[in-house]
Amino acid sequence: MNLLEIKNLKTYFEKNRVISKAVDGVSFVLHKGEILGLIGESGCGKSVTALSILRLIAEPGKIAEGEIIFEDGDLLTLNTEKMRAIRGNQIAMIFQEPMTSLNPVFTCGNQVAEALLEHKKITAGEAQSQVIGLFREVGLPDPEQIFSAYPHELSGGMRQRVMIAMALACGPSILIADEPTTALDVTVQAQILELIKRLQKERAMSVILITHDFGVVAEMCDRVVVMYASKVVEFADVKTIFKNPRHPYTTGLLNSIPKIDSVQQTLNTIPGIVPDASHYPSGCHFHLRCFLANDRCKNEKPDLIEIEPGHTVACWEWEKVVHTRER
Amino acid sequence: MMIVYILKRLAGAVPLTFGLLTLTFFLIRLAPGDPTAMYIDPNIDPDAADRMRENLGLNDPLMVQYGKWLGIIPPFEGVWQGEFGISFSKHRPVFDIVLESTGNTLLLTGGALCVDLVVGVLIGIVAALNREKKMDHIITVGSLFFYSMPHFWLALMLILIFSLGLGWLPASQMHSVNVDQLSTPAYIGDMISHMIMPVFVLGIASAASTVRYMRSSMLEVIKQDYIRTARAKGLSERKVIYRHALRNALLPLITIIGLSFPFLLSGAVITEVIFAWPGMGRVTVDAIFARDYPLIIANTLVAGVMVIVGNLLADVLYALADPRIKLR
């Protein structure tokens with residue numbers, strides 16, 4: 001069942017008359033109770049897509065076009081008050097930097113309770129006991145003490161748990177996690193991912209998990225959206241993405257995962273870098289870095305086409321793409 | 001812990017204040033002219049002037065004068081015994097004079113500080129929230145205008161317009177001549193009407209700089225991650241700005257206000273003279289012209305203590321406002 005549907009989303013940033021198309025015609029569907037991975041290199045528009053859903057794009061960014069359908073309504077047409085009633089309440093978000101995402105001058109408990117008091121009709125006392133319950137649920141030791149602790153007194157992993165507690169406070173149906181573990185130690189990363197997965201199951205939430213790590217995708221996700229340079233290039237369930245990827249960018253990302261039993265000494269990389277959002281190449285945005293690129297790729301933009309049920313790809317040469325990693 | 005910190009700072013302030021007074025003691029004696037100069041005219045017997053100098057102890061060697069001032073040469077009492085002496089020009093104990101004027105100056109600088117904070121912070125926020133828009137540009141030009149305007153010129157222009165031209169506000173003094181016959185509310189109203197212009201003149205220049213600090217501090221804070229978190233929680237823009245952003249943006253301002261206190265005091269000297277405000281500034285200026293050594297030192301002491309306490313207060317407030325700061 002579709003819980004959230006993004007249709008042709010375009011989010012542009014304009015500075016000094018130069019338009020940067022950070023997100024340009026992105027569409028995908030989030031099902032109820034699934035974890036949807038959103039993967040791509042830095043600068044591909046993953047975070048901007050996520051922030052667009054909550055309409056938290058900061059100036060000079062603007063959502064130029066598109067629809068975001070949630071509960072039979074388009075989020076982009078809601079007035080400010082109605083949008084606020086959804087933020088933190090039905091759709092919540094956690095961020096990449098737990099160190100700076102909490103306000104340094106308020107206690108952790110205060111900041112989580114604030115979300116409850118904003119959306120639910122409860123007293124401060126009830127909010128406090130609920131927050132302590134949430135802290136216990138996200139595995140924080142000594143929740144009563146952490147309620148009155150300031151963010152700088154906690155480690156990065158603990159702060160991210162506080163952020164998760166804040167996001168879960170009002171029982172949202174969608175949790176957007178924007179690289180929630182990138183800034184954490186490896187051991188803590190695994191704990192946080194496990195926590196998100198457990199909470200997603202227990203609460204039957206849908207999660208949009210933004211990451212640049214295919215290891216995380218394999219571990220966590222049901223379906224995967226691969227983004228490159230403002231566009232969705234491939235969309236399929238997680239098994240298909242790993243077994244039968246059909247976009248050269250997807251295979252490039254998969255090949256760049258280091259393998260322990262590999263004979264070769266160098267790491268596989270995709271040559272080149274993500275183009276600047278104000279100067280995309282003509283045709284397919286990926287053609288400058290693509291080993292299959294031909295004249296058609298240079299001149300014509302490929303559309304997303306469904307090559308098998310539930311598997312879409314935007315590439316002219318998808319039939320030639322063979323994933324060689326497992327060979 | 002806070003109490004221990006405050007006591008430590010106050011203990012450290014004692015030698016600092018003493019050093020300041022000693023420096024003042026020698027510096028004013030290095031200045032040309034002497035306290036009897038104001039009595040000298042062709043009709044006065046030169047011997048009489050010399051007797052006066054002898055009486056004031058100014059014929060002693062410098063180190064003896066210093067010893068007497070310190071109070072280490074019996075039977076003379078000095079600062080050690082808490083005795084700051086008799087004013088040369090006003091013939092009264094200097095402490096009585098200083099006590100009368102300090103309250104008036106605190107009233108003036110306190111009012112100016114309020115103008116500084118209220119006007120500076122509010123307009124600074126408006127400027128930050130309208131960044132690069134018309135309002136921001138108007139505020140920038142306006143604050144530079146008031147910042148670069150000399151106190152005395154602004155004061156004279158205000159007197160010209162509001163006292164001489166429109167006749168709305170009194171041009172000088174702290175009370176009207178008929179102050180004795182006024183009821184309490186009328187007395188207060190009378191004093192406020194006398195305060196408006198000097199407080200405005202003194203406060204507006206520092207408010208102009210506060211606007212600039214507040215604007216940049218606010219702009220720095222509203223791009224922080226925790227502001228995005230606050231919005232993602234669904235808070236209203238009002239709560240995001242006035243609860244989450246303002247509290248953080250005010251932190252650096254506490255230090256700046258503490259630092260601006262000496263400037264307010266020095267600005268008060270000029271303002272008090274122009275508006276004939278019976279405060280420390282005017283007393284100090286008169287004392288310097290009369291080479292009234294004991295009165296100059298007493299005023300230096302009060303001003304020094306005010307600056308030290310102002311800075312200490314700023315540090316304590318900072319620690320109270322920012323949980324990351326621990327005073328030791």
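These numbers come from a predicted model, not from an experiment. Order of the sequence lines sets the chain letters (A, B, ...), proteins ahead of strands, with each chain counted from 1.
Residue with the most contacts toward chain B among A:L56, A:L54, A:I91: A:L56 (heavy-atom pairs, distance under 4.5 Å). If you tally non-hydrogen atom pairs under 4.5 Å between each of A:H119, A:R55, A:E81, A:E114 and chain B, the highest count goes to A:E114. Contact count versus chain B (heavy atoms, under 4.5 Å) is highest, among A:N103, A:T107, A:T100, A:I176, for A:N103. No other option in A:A115, A:S101, A:G88, A:A85 has as many heavy-atom pairs under 4.5 Å with chain B as A:S101. Chain B forms more heavy-atom pairs under 4.5 Å with one residue of A:E153, A:Q111, A:E59 than with any other, namely A:Q111. When the candidates A:T80, A:N89, A:V105 are compared by the number of heavy-atom contacts under 4.5 Å with chain B, A:V105 comes out ahead.
For a residue to count as touching a neighbouring chain, one of its non-hydrogen atoms must lie under 4.5 Å from one of that chain's; by this rule B:A321 touches chain A with the backbone only. When heavy atoms are compared at a cutoff of 4.5 Å, B:L251 approaches chain A solely by way of its side chain, counted from C-beta outward. Contacts between A:M163 and chain B at a heavy-atom distance below 4.5 Å involve the side chain alone, from C-beta outward. Contact of A:I86 with chain B is not made at all, since no heavy-atom distance falls under 4.5 Å. Residue contact with chain B, scored on non-hydrogen atoms closer than 4.5 Å, is absent for A:M83.
Around atom CE of B:M135, no more than 12 heavy atoms belonging to other residues, nucleotides or ligands sit under 6.0 Å away. Surrounding CD of A:E14 are more than 12 heavy atoms belonging to other residues, nucleotides or ligands, all under 6.0 Å away.
The distance from atom OH of A:Y150 to atom CG of B:D322, rounded to the nearest 0.5 Å, is 9.5 Å. Atoms CG and CD, from A:L102 and B:Q224 in turn, are 12.5 Å apart once rounded to the nearest 0.5 Å.
In this structure a side-chain-to-backbone donor-acceptor pair under 3.5 Å is present from A:R84 to B:G234.
Evaluated for a salt bridge (charged side-chain N to carboxylate O under 4.0 Å, His left out) with A:E118, the options B:R243, B:K239, B:R231 yield exactly one hit, B:K239.
Partners of A:Y12 according to the side chain to side chain donor-acceptor pair (under 3.5 Å) rule, which considers only residues two or more places apart in sequence or in another chain, are A:D24.
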